[in-house]
Protein chains: 2
Amino acid sequence: MERGAVGRRSQRKQDDPDLGILAARLLFSVQKELFETLAEQGHPDLRPRHGAVLGYLDAEGTRATELSRLSGVHKQVIGNLIDELEELGYVERRPDPQDRRAKLIVPTDRGLEETVKSDAIMAAIEQRHAEALGERTYARFKRAFRNVTAQQLAHLTGEEQAGT
Amino acid sequence: MERGAVGRRSQRKQDDPDLGILAARLLFSVQKELFETLAEQGHPDLRPRHGAVLGYLDAEGTRATELSRLSGVHKQVIGNLIDELEELGYVERRPDPQDRRAKLIVPTDRGLEETVKSDAIMAAIEQRHAEALGERTYARFKRAFRNVTAQQLAHLTGEEQAGT
DNA sequence: TCCACTAGTCAAAGTTAGTGACTATCAAGA
DNA sequence: TCTTGATAGTCACTAACTTTGACTAGTGGA
């Protein structure tokens with residue numbers, strides 16, 4: 001670590017990448033593995049951005065605005081993604097009996113199958129890491145990751161409110 | 001955790017987000033904070049994508065292909081980013097004395113100032129998390145994060161080679 | 001009842017990433 | 001020394017993705 005601190009900046013960043021770099025690399029590589037594996041398992045048309053819908057979809061249906069909130073993606077984008085996924089046969093729009101403005105986005109059988117598979121792929125990825133690191137170390141890492149992420153988001157939200 | 005396992009899928013994902021979700025949230029929120037802070041500190045035109053160049057740039061200059069390799073971004077995109085950053089006054093292209101095909105991307109004074117600031121902002125973000133989690137816990141988290149990310153990338157690369 | 005807010009959609013514009021191809025240059029092997 | 005496959009960077013274009021503005025129908029609290 002001290003050796004890295006005295007080298008060129010790019011070397012220092014390779015030896016001790018910051019949070020942003022680590023998060024970017026992890027996200028990119030996890031997404032690549034997930035969508036390549038899904039393609040092998042019969043879902044070749046899905047893209048990472050579809051995850052904003054499929055990643056949070058409940059079997060009983062989920063409102064588009066809820067998907068937008070959960071994923072952090074704009075509602076118009078969610079609408080576009082739902083259009084695509086409808087075309088691809090993963091979801092259907094159904095009226096929401098509790099609010100006549102709203103639609104429930106309901107998975108088709110194909111959509112349900114996909115969610116089961118993607119959850120299984122993610123679980124296998126995490127299990128692989130847990131085995132490599134040790135279950136307990138991995139569990140601690142995940143807990144810290146959740147904490148860091150939650151605090152990062154809270155800090156961002158807190159800042160914006162302070163500026164109001 | 002067991003309570004979460006029996007709820008709706010979206011609730012389970014909120015209670016125990018997977019690696020992909022955590023990485024996406026952390027990346028997005030760290031980038032938001034970094035670029036908003038940079039804007040406050042006199043660099044309002046920079047975007048997260050510029051980080052593929054500025055995030056790895058050495059004071060003595062760096063080749064475009066090296067930046068592409070370090071950042072994982074296509075060389076043509078790197079070329080476009082360099083064009084933009086040249087226009088914005090952050091970098092210059094200089095011939096590389098060691099290879100007449102190549103160019104060195106060299107930071108201007110403004111570019112150097114930005115790299116110093118962004119490194120400081122990232123360090124402050126990480127210090128804040130270390131204080132919240134405890135220095136030792138944070139250090140362990142970072143080490144695990146580096147390991148998980150390295151192994152994820154190695155697995156992806158290993159897969160591709162196995163398929164060759 | 002009224003009105004501010006919300007859900008979802010349409011339309012358009014803006015931003016960013018990926019692919020194909022090319023010329024000059026390099027370096028290793030014959 | 002010469003040849004050739006590989007590389008660095010750029011040009012040109014296409015594809016993919018995100019953001020902004022606006023609107024109508026519906027909701028719920030005052």
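Lettering of chains follows the sequences in order, A, B, ..., and the numbering in each one begins at 1. Computed from a prediction, not measured in an experiment: that's the story for all the values here.
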- [ ] Classify the ring geometry between A:Phe145 and B:Phe145 as parallel (under 30°), tilted (30 to 60°) or perpendicular (over 60°).
- [x] tilted
- [ ] Would you mind telling me which of C:dA7, C:dG18, C:dA17 lies closest to the side-chain atoms of B:Arg49?
- [x] C:dA17
Open item on the list: With a 4.0 Å cutoff (strictly under), does any side-chain N or O of A:Lys103 reach OP1 or OP2 of C:dT9?
Closed with: yes
Open item on the list: So B:Arg69, base contact, sugar-phosphate only, or nothing? Heavy-atom distance under 4.0 Å.
Closed with: nothing
TODO: Answer yes if the side chains of A:Glu126 and A:Tyr138 hold a donor-acceptor pair under 3.5 Å, and no otherwise.
DONE: yes
Open item on the list: Please tell me if A:Arg93 has a side-chain N or O lying less than 4.0 Å from either OP1 or OP2 of C:dT9.
Closed with: yes
- [ ] With rounding to the nearest 0.5 Å, note down the distance linking CD1 in B:Ile125 to CD in B:Gln127.
- [x] 12.0 Å
- [ ] Check every nucleotide of DNA chain D for an atom under 4.0 Å from a heavy-atom of chain B, then give the first and the last such nucleotide from 5' to 3'.
- [x] D:dA6 to D:dC11
- [ ] Figure out the CG/P separation between A:Leu70 and C:dA7, and round it to whole Å.
- [x] 13 Å
Task: Interatomic distance, B:Arg100 CZ vs C:dA27 P [rounded to whole Å] - done: 11 Å
Task: Side chain of A:Ala102 (C-beta onward), nearest among C:dC26, C:dG18, C:dA7 - done: C:dA7
Task: Rounded distance (Å) that lies between atom P of C:dT15 and atom CG of B:Leu81 - done: 14 Å
Open item on the list: Checking A:Asp15 against A:Gln11: is there a side-chain donor and acceptor pair closer than 3.5 Å?
Closed with: yes
Task: Nearest-nucleotide 5' precedence on DNA chain C, A:Glu66 against B:Gly72 - done: A:Glu66
Open item on the list: Using whole Å, what does the distance between atom C1' of nucleotide C:dT15 and atom NE2 of B:His50 come to?
Closed with: 11 Å
Open item on the list: Taking the nucleotide of DNA chain D with the nearest heavy atom to each, does B:Gly79 or A:Asn80 sit closer to the 5' end?
Closed with: B:Gly79
Task: Atom-pair distance (CD on A:Gln76; C1' on C:dA7), nearest Å - done: 11 Å
Task: Comparing A:Asp99 and A:Asp83 on DNA chain C - which has the more 5′ nearest nucleotide - done: A:Asp99
Open item on the list: Counting the benzene-type ring for Trp, do A:Tyr90 and A:His43 have ring centres under 6.0 Å apart?
Closed with: yes
Task: Atom pair CZ/CG of B:Arg63 and B:Asp99 - distance to nearest 0.5 Å - done: 4.5 Å
Task: Stepwise salt bridge (charged side-chain N to carboxylate O under 4.0 Å, His left out) test for B:Arg12 and B:Asp18 - done: CA-CA 10 Å; B:Arg12 297 198 310 269; B:Asp18 65 46; over 6 Å; no
